Amino acid sequence: MRLLWLGVLSRRFQHVPLRDTCRQASRGAKANKAGWEEKVENSVKWRQLEHKGPYFTPAYEPLPDGVHFFYDGKPVKLSVAAEEVATLYGKMLHLECATKEVFQRNFFRDWRKEMTAEERKLITHLDKCDFVEIHKHFMEKTEARRTLPREKKQKLKEEAEKLQQEFGYCILDGHREKIGNFKTEPPGLFRGRGDHPKMGMLKRRVMPEDVVINCSRDSKIPKPPAGHQWKEVRSDNTVMWLAAWMENIQNTFKYIILNPSSKLKGEMDWHKYEVARRLRGVVNKIRAQYQADWKSPEMKKRQLAVALYFIDKLALRTGNEKEEGETADTVGCCSLRVEHVRLHGKADGQEHVVELDFLGKDSIRYNNRVTVEKLVFQNLQHFMEDKDPGDNLFDALTTASLNKHLQSLMEGLTARVFRTYNASVTLQEQLRVLTRGLPDYPVQKEMVESGIALWFLPLPQWDIVQPTQEAEDSLTSKVLAYNRANRAVAILCNHQRAIPKTFEKSMQKLQQKIETKKAQVTEAQVELEKLKADLRTRGGSKSKSFLRKQQRLLKLEEQLARLHKKATDKEENKQVALGTAKLNYLDPRISIAWCKRFGVPIEKIYHKTQRERFAWAFNRADKDFEF
DNA sequence: TTGTGTACTTAGCAGTTTTAAA
DNA sequence: TTTAAAACTGCTAAGTACACAA
């Protein structure tokens, strides 16, 4: 399928006059084409879009009388605006980011802007400010919410549901679709990731006057809150967003968009994986070419070939250039600097070892040692010659030129397609390897399809048959195998998470359990040995009690094995985030096909929202689907 | 060719809810 | 019944990529 992204229409966001903006992309041009294909070719995303606009954060509620802010030991009654910002800081007192100097400096500067002249004159030093009462107040509020009686919690839940029903859906081309984020972001103190120079800055309240509404001309135009106006109402059916505003920290847009379960999002997702599947057909040719290019006399070509090799082999991100000082210092492939690379002629008994050590997206550290081909190694040596640590490794390369090259190799090919492709291929291969030799789980056909049917049909009623222990174990093994395959991809893509705060404690508990179980096994073994010895001396047949003991030992051993399995899984997983790959990189059709083939109920792999997200894939994958 | 603006995907974390264990 | 752990969800930051202007 050809993706043209015609760009017939100017995409400039600002300076568009109010009211008369209407950018409905050409309707007739490809009238002979139907549905999605036509939409994609015209970059038309919808024909009809109707919604209620965003739900705005409720107005600030001043502190109760008993809660004070102190300056220099004396209580100070702040103006409403200054108090609101003070509470934002007070709420965060216990967080690590609030202790950082940059955070405090940025906060204090922005806070002072909200103060009255008088307040500004008085409050000149943050270290003389005391937010403890404010902090305590919000902690107590959180606690009170947590311990609310069941009925009150139920009532709150119902109110949230009512809001969801009113603002959380739109009509898109005749279908009622769920919206992803129908609320504007509340004011707060910006928390960047890693060493962010803007942490602590005030993210201001979004007002209707900031918001651009996007909907069809003939729809019910959403009403702004009483006494307010929209910044603009437009009708641009080449984009997917329903509303947008400019955020004041980085001056970038925030959008109200559809939920991933929507048809349109699903179609985009499907398209993404189809592009990755097309790469499969040409990847060998591309690999052969970049390998040949390692010998090119042209420096630019060699840099491109080595960069592409990294992107392919190590699943690095492309690494767009970033504005210095505006964000944390993170890099990807094209923005790697000399200081991120170490070359070892020999290391760990291997030749030509490259060590990469840098902060990637979200300031997650990428630290990896890999053996590379001699030519790659020599090229890297050359690229690093006569450069300072802070110089770009691939100085002759930009992400745009890299992608332009990729476009010439395959239509629609960009650097990130390699990540999708390699992730999905890895899952498929790992599943093949890890599931080989596992006993089949004897399930009914209905059971196999149950999760799938959840989607489109009301849940069928059937007798629930308790699977045997053996079958249960087999299923557990399969799910474990799936998680291992998933984990292989997460490691490839460097999807890390912070070690859970409770990890050590819960691991210790698990070890304790293992020890207890071990002792039980030993005890049972001793008892059984005694009975065996008895049997040998006295002769005769095995007593009922003997058989019972034998059974018990077997059971204990199985339980011990399960605990060991659990501990291994927990340890292997403590720093790996599985969700990101599952949601963004793994073609769901691979998982669905695998579930069908091995009789694993789909809900063991995808929970409810994930099944909703991948609705598009359920009728597009039978058990023989190959990525 | 480079810089800027826009729109979309990808990402980890924290809070909430559900489930399992004590 | 209470508590702890696991599962899930929402939030929003931080990437990629491309069009267009200078």
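Treat the numbers as computed from the prediction; the structure is a model and nothing was measured. Each chain gets a letter, A, B and so on, in the order its sequence line appears, and its residues count up from 1.
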Student: Taking the side chain of T580(A) as its heavy atoms from C-beta onward, which of dG12(B), dT12(C), dT16(C) lies nearest to it?
Tutor: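 Per side-chain heavy atoms of T580(A), the pick is dG12(B).
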Student: Mind checking if Q250(A) touches a base, just sugar-phosphate, or nothing, with heavy atoms under 4.0 Å?
Tutor: sugar-phosphate
Student: Quick one: Q512(A) CD to dA5(C) P, roughly how many Å, whole number?
Tutor: 13 Å
Student: Rounded to the Å, how far apart are K254(A) NZ and dC11(C) P?
Tutor: 12 Å
Student: Can you check whether K203(A) has a side-chain N or O nearer than 4.0 Å to OP1 or OP2 of dA13(C)?
Tutor: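 Checking dA13(C) against K203(A), a side-chain N or O does come within under 4.0 Å of OP1 or OP2.
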Student: Can you confirm if the aromatic rings of H196(A) and F190(A) lie within a centre distance of less than 6.0 Å?
Tutor: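 Here the rings of H196(A) and F190(A) have centres that are less than 6.0 Å from each other.
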Student: Among the nucleotides dA7(B), dC18(C), dT10(B), which one has an atom lying closest to any side-chain atom of K272(A)?
Tutor: dT10(B)
Student: Using atom OH of Y606(A) as one end and atom C1' of dC8(C) as the other, report the distance to the nearest whole Å.
Tutor: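 Those two atoms, OH and C1', are 16 Å apart.
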Student: Output the residues of residues 356-365 of chain A in contact with DNA chain C, where contact means a heavy atom of the residue under 4.0 Å from an atom of the strand; sort by number or write none.
Tutor: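 The answer is G360(A), K361(A), D362(A).
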Student: Here's a test of your reading of the structure: between T398(A) and Y585(A), which maps to the more 5' nucleotide of DNA chain B?
Tutor: T398(A)
Student: Starting at the 5' end of DNA chain C and moving along, which residue's nearest nucleotide shows up first, T330(A) or T502(A)?
Tutor: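 Result of the comparison: T502(A).
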Student: So, Q511(A) versus E515(A): side-chain donor-acceptor pair below 3.5 Å or not?
Tutor: no
Student: When you check the phosphate oxygens OP1 and OP2 of dA11(B), does a side-chain N or O of R419(A) lie under 4.0 Å from one of them?
Tutor: yes
Student: Would you confirm whether D587(A), through its side chain, and Y273(A), through its main-chain N or O, come within 3.5 Å as a donor-acceptor pair?
Tutor: no
Student: Would you say N320(A) reaches dG15(C)'s phosphate, i.e. side-chain N/O to OP1/OP2 under 4.0 Å?
Tutor: no
Student: Once you apply a heavy-atom cut-off of 4.0 Å, does A415(A) come out as touching a base, just sugar-phosphate, or nothing?
Tutor: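 Sugar-phosphate only.
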Student: Heavy-atom nearest nucleotide on DNA chain C for N403(A) versus K505(A): which residue maps closer to 5'?
Tutor: K505(A)
Student: Any donor-acceptor pair under 3.5 Å linking the side-chain atoms of K322(A) with those of T330(A)?
Tutor: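 T330(A) vs K322(A): donor-acceptor pair found between side chains.
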Student: Answer with base, sugar-phosphate or nothing: what part of the nucleic acid does A498(A) contact at a heavy-atom distance below 4.0 Å?
Tutor: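 Counting heavy atoms under 4.0 Å across all strands, the contact made by A498(A) is with sugar-phosphate only.
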Student: Does a nitrogen or oxygen in the side chain of H196(A) sit under 4.0 Å from OP1 or OP2 of dA14(C)?
Tutor: yes
Student: Is there a side-chain contact between K509(A) and the phosphate of dA5(C), meaning an N or O under 4.0 Å from OP1 or OP2?
Tutor: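 Yes.
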Student: Need one value for K513(A): base, sugar-phosphate or nothing, where a base atom within 4.0 Å counts as base even if backbone is also close, heavy atoms only.
Tutor: sugar-phosphate
Student: Nearest 0.5 Å, please: how far is OH in Y366(A) from CZ in R317(A)?
Tutor: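 So the gap between those two atoms works out to 10.5 Å.
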Student: Hey, which of these two, K501(A) or K157(A), hits DNA chain B nearer its 5' end, going by closest nucleotide?
Tutor: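 The answer here is K501(A).
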Student: Across the strands shown, which category fits E321(A) at heavy-atom distances under 4.0 angstrom: base, sugar-phosphate, nothing?
Tutor: nothing
Student: What nucleotide, of dC13(B), dT6(B), dA7(B), holds the atom closest to the side chain of R497(A)?
Tutor: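 The closest nucleotide is dC13(B).
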Student: For the residue pair H271(A) and V275(A), establish whether any side-chain heavy-atom pair is separated by less than 4.5 Å.
Tutor: yes
Student: Could you work out which one of dT9(C), dA5(C), dA13(C) sits closest to the side chain of K570(A)?
Tutor: dA5(C)
Student: Assign G332(A) to base, sugar-phosphate, or nothing according to its heavy-atom contacts below 4.0 angstrom with the strands shown.
Tutor: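 Nothing: the residue G332(A), judged by heavy atoms under 4.0 Å, touches no strand.
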Student: Could you state the atom-to-atom distance from CG of N584(A) to P of dC8(B) in whole Å?
Tutor: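 Taking CG of N584(A) and P of dC8(B), I get 16 Å after rounding.
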Student: Just how far, in rounded Å, is P of dA21(B) from CD of Q508(A)?
Tutor: 19 Å
Student: Treating H495(A) as the side-chain partner and V576(A) as the backbone partner, does any N or O pair qualify as donor plus acceptor under 3.5 Å?
Tutor: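 No: the side chain of H495(A) does not pair with the backbone of V576(A).
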Student: Which of these nucleotides, dC18(C), dT9(C), dA11(B), is closest to any side-chain atom of Q407(A)?
Tutor: dC18(C)
Student: Heavy atoms only, 4.0 Å cut-off, all strands: where does P186(A) land among base, sugar-phosphate and nothing?
Tutor: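 The answer is sugar-phosphate, as P186(A) gets under 4.0 Å only of primed atoms, P, OP1 or OP2.
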Student: In whole Å, what is the span from the CG atom of N181(A) to the C1' atom of dC8(B)?
Tutor: 13 Å
Student: Return the value, rounded to whole Å, for the distance between atom OH of Y255(A) and atom P of dG10(C).
Tutor: 23 Å
Student: For a quick check of understanding: with a heavy-atom distance under 4.0 Å over all strands, which category does R193(A) fall into, base, sugar-phosphate or nothing?
Tutor: base
Student: Give a yes or no on whether the backbone of L258(A) and the side-chain of K265(A) come within a donor-acceptor separation of less than 3.5 Å.
Tutor: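 No, K265(A) side chain to L258(A) backbone: no donor-acceptor pair under 3.5 Å.
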Student: Nearest to the side chain of E185(A) - dT9(B), dT9(C), dA13(C)?
Tutor: dA13(C)
Student: Evaluate the ring planes of F394(A) and F310(A), with Trp represented by its six-membered ring, and classify them as parallel (under 30°), tilted (30 to 60°) or perpendicular (over 60°).
Tutor: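 Perpendicular.
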Student: Compare side-chain N and O positions of K265(A) against OP1 and OP2 of dT9(B) and report whether any pair is under 4.0 Å apart.
Tutor: yes
Student: Which part of the nucleic acid, if any, lies within reach of K404(A) when heavy atoms closer than 4.0 Å are counted: base, sugar-phosphate only, or nothing?
Tutor: nothing
Student: Looking at every strand, decide which applies to R191(A) at a 4.0 Å heavy-atom threshold: base, sugar-phosphate, or nothing.
Tutor: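 Answer is sugar-phosphate: R191(A) comes under 4.0 Å of backbone atoms only.
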Student: Got a donor-acceptor contact below 3.5 angstrom from the D110(A) side chain to the L202(A) backbone?
Tutor: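 Answer holds: yes.
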Student: Side chain of H607(A): nearest nucleotide among dT16(B), dA6(C), dC8(C)?
Tutor: dC8(C)
Student: Starting the side chain at C-beta, find the nucleotide from dA11(B), dT9(C), dT10(B) nearest to R317(A).
Tutor: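 Nearest listed nucleotide: dA11(B).
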Student: Give the rounded distance in Å between these two atoms: CD of Q610(A) and C1' of dC8(C).
Tutor: 9 Å
